[in-house]
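Written below as structure tokens is the structure these notes are about.
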Amino acid sequence: MESAAAYTSRPKLKYELDQVDVVTGEEAERNVLQVNAKLFVFNKEKQVWTERGHGYLRLNDTATSINAPFRSRLVMRNHGNLKLILNSKIFDGMKIERANRKCVRITATDLVDDGVKIFLVQAGVKDAGRLHAAIHHRLIALKSQRVQKQEQPSPKPQAKEDPSTQLLTSDSEDEEDDETMLYPSKISDHHQWIRQQPVLYS
């Protein structure tokens with residue numbers, strides 16, 4: 001009793017802890033969707049689903065300017081230890097489908113071997129719908145970017161013009177400049193839809 005009383009009567013030591021800034025690597029990205037979900041990965045050898053973890057699945061966008069192509073990725077960390085369990089870019093050719101009302105099946109890059117595997121995201125009904133719609137629109141935007149690049153004609157070498165003809169064509173060039181000012185280039189509807197979406201958290 002005496003030793004216990006002596007121990008409790010000791011002055012409590014106070015420790016001053018410095019505040020540390022946590023760097024996640026997402027500082028330059030815009031988070032547009034955060035979903036509380038479970039993550040499963042499909043094992044092709046055993047033909048079974050294996051649970052990878054449970055935590056917040058985040059959809060982030062990165063764009064340097066309004067006309068720059070979108071770069072999006074999925075990031076998920078496990079609850080508790082905050083271990084990274086999913087970090088995959090949304091790439092052209094990525095597969096996505098609604099397995100059921102609460103599950104979204106996707107193909108993504110695995111952190112274990114950097115290979116493309118099949119993942120299953122299990123969340124609430126509304127969160128699963130939002131996740132499917134957000135990824136679906138970004139995949140359509142990536143496809144439209146690829147089609148536009150393929151349709152762009154290759155640059156042709158410029159031929160030397162006669163100085164006498166430059167005076168004749170100067171008026172038509174001014175008219176073309178006026179038309180380009182009246183009808184500027186537009187980004188796709190899916191890009192506009194993505195940029196106008198509010199940030200959603202579950």
Side-chain angles (χ1 to χ4, degrees), residues 24-44 48-79 82-151 186-202:
T24 62
E26 304 177 37
E27 287 74 19
E29 300 175 348
R30 175 175 177 263
N31 177 241
V32 295
L33 183 64
Q34 180 173 289
V35 176
N36 189 12
K38 283 185 178 181
L39 183 67
F40 299 85
V41 61
F42 185 69
N43 191 328
K44 290 185 178 180
V48 294
W49 290 98
T50 304
E51 183 176 349
R52 182 62 61 87
H54 178 268
Y56 286 111
L57 176 64
R58 296 166 58 86
L59 175 61
N60 297 339
D61 286 339
T62 302
T64 56
S65 63
I66 190 171
N67 293 324
F70 264 101
R71 293 182 178 86
S72 305
R73 68 165 176 158
L74 295 170
V75 182
M76 187 171 183
R77 289 180 171 85
N78 197 19
H79 274 321
L82 299 179
K83 180 182 179 181
L84 193 65
I85 57 178
L86 180 65
N87 183 16
S88 175
K89 292 182 179 180
I90 296 179
F91 53 89
D92 188 15
M94 183 178 185
K95 304 297 182 183
I96 178 173
E97 62 178 344
R98 290 288 294 270
N100 53 49
R101 296 182 63 196
K102 294 185 178 181
C103 295
V104 179
R105 186 163 46 236
I106 61 174
T107 55
T109 306
D110 192 8
L111 290 169
V112 178
D113 54 4
D114 293 332
V116 178
K117 294 183 180 180
I118 303 174
F119 290 89
L120 186 72
V121 181
Q122 186 181 49
V125 177
K126 291 184 179 180
D127 290 337
R130 291 169 182 169
L131 179 65
H132 181 271
I135 298 176
H136 176 70
H137 280 277
R138 280 157 180 79
L139 290 176
I140 294 179
L142 288 175
K143 185 177 179 180
S144 64
Q145 290 177 10
R146 175 171 52 85
V147 173
Q148 289 176 2
K149 288 182 180 180
Q150 293 176 354
E151 292 178 351
K186 298 180 180 179
I187 58 178
S188 64
D189 294 338
H190 292 282
H191 285 179
Q192 294 179 359
W193 183 91
I194 292 171
R195 296 181 190 276
Q196 294 173 358
Q197 293 306 301
V199 180
L200 300 175
Y201 299 99
S202 62

Would you call the rings of Tyr56 and His79 parallel, tilted or perpendicular, where under 30° means parallel and over 60° means perpendicular?
perpendicular
Does a side-chain heavy-atom distance below 4.5 Å link [X] with [Y]?
X	Y	value
Leu59	Arg130	no
Thr107	Phe91	yes
Arg138	Val32	yes
Leu131	Ile106	no
Ile118	Trp49	yes

Given the rule in the side chain to side chain contact (heavy atoms under 4.5 Å, CB included) test, do Lys89 and Thr109 qualify, once you have shown the distances and angles that lead to the verdict?
CA-CA 8 Å; Lys89 292 182 179 180; Thr109 306; over 6 Å; no
Looking at Arg58 and Glu29, does any basic side-chain N land under 4.0 Å from a carboxylate oxygen?
no
Could you tell me which non-hydrogen atom of [X] sits nearest to which non-hydrogen atom of [Y], and how far apart they are?
X	Y	result
Val41	Arg52	CG1-NH2, 3.4 Å
Ala128	Ala123	N-CB, 4.4 Å
Gly53	Met76	O-CE, 4.3 Å
Met94	Leu139	O-CD1, 3.4 Å
Leu120	Ala99	CD1-CB, 4.0 Å

Option from Arg71, Arg73, Gln34, Glu26 for which side chain to side chain donor-acceptor pair (under 3.5 Å) with Asn60 holds
Glu26
Is [X] reaching over with its side chain to a backbone N or O of [Y], donor-acceptor style, under 3.5 angstrom?
X	Y	result
Arg98	Arg101	yes
Asn78	His54	yes
Ser72	Ile90	no
Gln148	Arg146	no
Asp110	Asp113	no

Val104/Ile135 under side chain to side chain contact (heavy atoms under 4.5 Å, CB included): CA gap, chis, key distance, verdict:
CA-CA 10 Å; Val104 179; Ile135 298 176; 5.5 Å; no
First locate atom CG of Leu111, then atom NZ of Lys117, and finally report the distance between them rounded to the nearest 0.5 Å.
10.0 Å
d(Asp92 CG, Ile140 CD1) to nearest 0.5 Å is 11.5 Å
As a test of understanding, state which of Asn31, Asn87, Leu86 forms a side-chain contact (heavy atoms from CB on, under 4.5 Å) with Val75.
Asn87
